[in-house]
Amino acid sequence: MNAVLANNVIRKFGQSLLGELITPTDEGYDMGRRVWNGLIDRYPAMIAYCSDVDDVIKSVDFALTHGLLTAVRGGGHNVAGNAVCDNGIVIDLSRMKRIEVNAASLIARAQAGLTWGEFDRVTQTFGLATTGGIISRTGIAGLTLGGGIGWLMRKFGVTCDNLLSAEIITAGGRLMTASAVENPDLFWGLRGGGGNFGIVTEFEYRLHQVGPVLAGTLYYPAARVRDILRFYRDYITVIPNELTTMFVYMAAPMTQSLNRLHFDGPVAAIHVCYVGPLEGGVKVLKPLRDFGPPLEDTVKIMPYVELQSMLDSGAPPGLCNFWKSSYLNSFSDEAIDVFAGYSESITSPLSQVHLQHLKGAVRSVGEDDMAFSHRDALCVLNIVTKWENPLQAEKHIQWTRDFEGAMRPFSSGGVYVNFLGDEGEDRVKAAYGSVKYGKLIALKNTYDPTNFFRLNQNIKPRGAGSL
Ligand SMILES: Cc1cc2nc3c(=O)[nH]c(=O)nc-3n(C[C@H](O)[C@H](O)[C@H](O)COP(=O)(O)OP(=O)(O)OC[C@H]3O[C@@H](n4cnc5c(N)ncnc54)[C@H](O)[C@@H]3O)c2cc1C
């Protein structure tokens, strides 16, 4: 904590908020400082639970006046733990959850503290949705600002493609609107540039008609991982945009019925979501059902909100997490061998390796149209390593690093910013490529020249006075 910050100054600030200010001696502090990744253990000097835009402006002003390191929290899910800091202030938006749906114009206005589960529940009462994350507890804020890949992306684009405008508090404590017509340069940067340019208090999204979906998981024996991947590689080249799929190598199955069959070893799984006329979906999924046959097939017609929490049990909060990710443009036999070899030596029963297939409507927006990048990639590889005992970190982290290193020759060199850990400037640059990274630096120079918002996948301003 800033040593010169007297208790009465902090108290006065707390009293000025409509929301609540929590300090280390308050009940709820320990819960409030925890984020989804259990490896992150930080102790902020205060947590400002904002209730409205005015609270956010006051919190930014207070942090600026007293030179406090500032973290911004939406859903608290980012694996790097940037939503919390040591000593400084956490500006926490998780209590700002207003959402309004205009079903006639297919638009939702949503405050930044919502999770995808909360957002989907409301929009689905109107039979509407937009592309969101695949775990219902993930915050809409961090995910949207980094891009947003999910079950609807091949049909409707990534989340930020569906962003129409945002209300944002800049580093000067000023409320601005960013959209295609108001401050379009800022709007360009917000759609993929993460939390670098300010605190978004409200997002406006385009919605789509999304009825029940044909979705679930096909599980196959892990021993067949090479065959399955070769099959999957060909399969995804012929599927329509209505179908989004994800291949997952799991150290242990996520299904109780497989457990009941005493199948507690690793499995290879393909999660699917088909959004469209259901008869068409059954036909498109047939090759997956014929291949194998699967050990288990949970695919059925389900409400979209059920799909959106289908994988929640595999991503509980509080576990130690270390991820390594990159984009792949192709998937050769050699890459499959490396992928399978490392998967087979997985070190924790909680870990998974994901391959999320992209293309489809992800490519319908131009590469230069916004900060979100690498639209040509075939899929995202994410090595999602999880374990319980923090003392075992070294072994699991080493496996993850080795795996990622071995896959590097097959990577496009790019990375999805929302899956980055604390990996340094070169990796942030890799998320955008050098030309777009240069444009983002120029934008940072304009909107946050002192790097006030630096607890993020940071784009450093290049100028006098920057931190
Ligand atoms: C279990 C799990 C599942 C995931 N699934 C997906 C997925 O399906 N698709 C996908 O694309 N990504 C996914 N992600 C990655 C996810 O997009 C990022 O972790 C994202 O940062 C989460 O947003 P959040 O608001 O929950 O995170 P937070 O940790 O609260 O925020 C992350 C960062 O975003 C910025 N930020 C947050 N709120 C604001 C705001 N209001 N204004 C400005 N900046 C802000 C800050 O820089 C903050 O450090 C997943 C992550 C996890 C842990």
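Just follow the structure's listing: the first ligand is 1, and inside any ligand the first atom is 1.
- Atom OG1 of T217 sits about 6.0 Å away from atom CG of L311, to the nearest 0.5 Å.
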Name the atoms and distances for all side-chain donor-acceptor pairs under 3.5 Å in residues 426-434, with sequence neighbours left out.
from	atom 1	to	atom 2	distance (Å)
R427	NH2	S325	O	3.0
Y432	OH	G192	O	2.8

Between ligand 1 and the protein, which N/O pairs fall short of 3.5 Å?
from	atom 1	to	atom 2	distance (Å)
ligand 1	8 (O)	I134	N	2.8
ligand 1	8 (O)	I149	O	3.3
ligand 1	9 (N)	I149	O	2.7
ligand 1	11 (O)	I149	N	2.9
ligand 1	11 (O)	Y416	OH	2.5
ligand 1	17 (O)	N418	ND2	3.1
ligand 1	19 (O)	N78	N	3.4
ligand 1	23 (O)	L143	N	3.3
ligand 1	25 (O)	G75	N	2.9
ligand 1	25 (O)	G142	N	3.1
ligand 1	26 (O)	G75	N	3.3
ligand 1	26 (O)	G76	N	3.4
ligand 1	26 (O)	H77	N	3.2
ligand 1	26 (O)	G139	N	2.9
ligand 1	27 (O)	H77	N	3.2
ligand 1	29 (O)	H77	N	3.2
ligand 1	29 (O)	N78	N	3.0
ligand 1	29 (O)	N78	ND2	2.7
ligand 1	30 (O)	G74	N	2.7
ligand 1	30 (O)	G75	N	3.2
ligand 1	30 (O)	G76	N	2.7
ligand 1	41 (N)	V200	O	2.8
ligand 1	42 (N)	V200	N	2.9

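- Counting only heavy atoms from C-beta outward, the side chains of Y29 and P44 approach each other to under 4.5 Å.
- Aromatic pair Y416/F419: ring centres closer than 6.0 Å.
- The 12-atom threshold is exceeded at CD of E367, counting heavy atoms of other residues, nucleotides or ligands nearer than 6.0 Å.
- Taking a cutoff of 4.0 Å between a charged side-chain nitrogen and a carboxylate oxygen, D185 and K439 do not qualify as a salt bridge.
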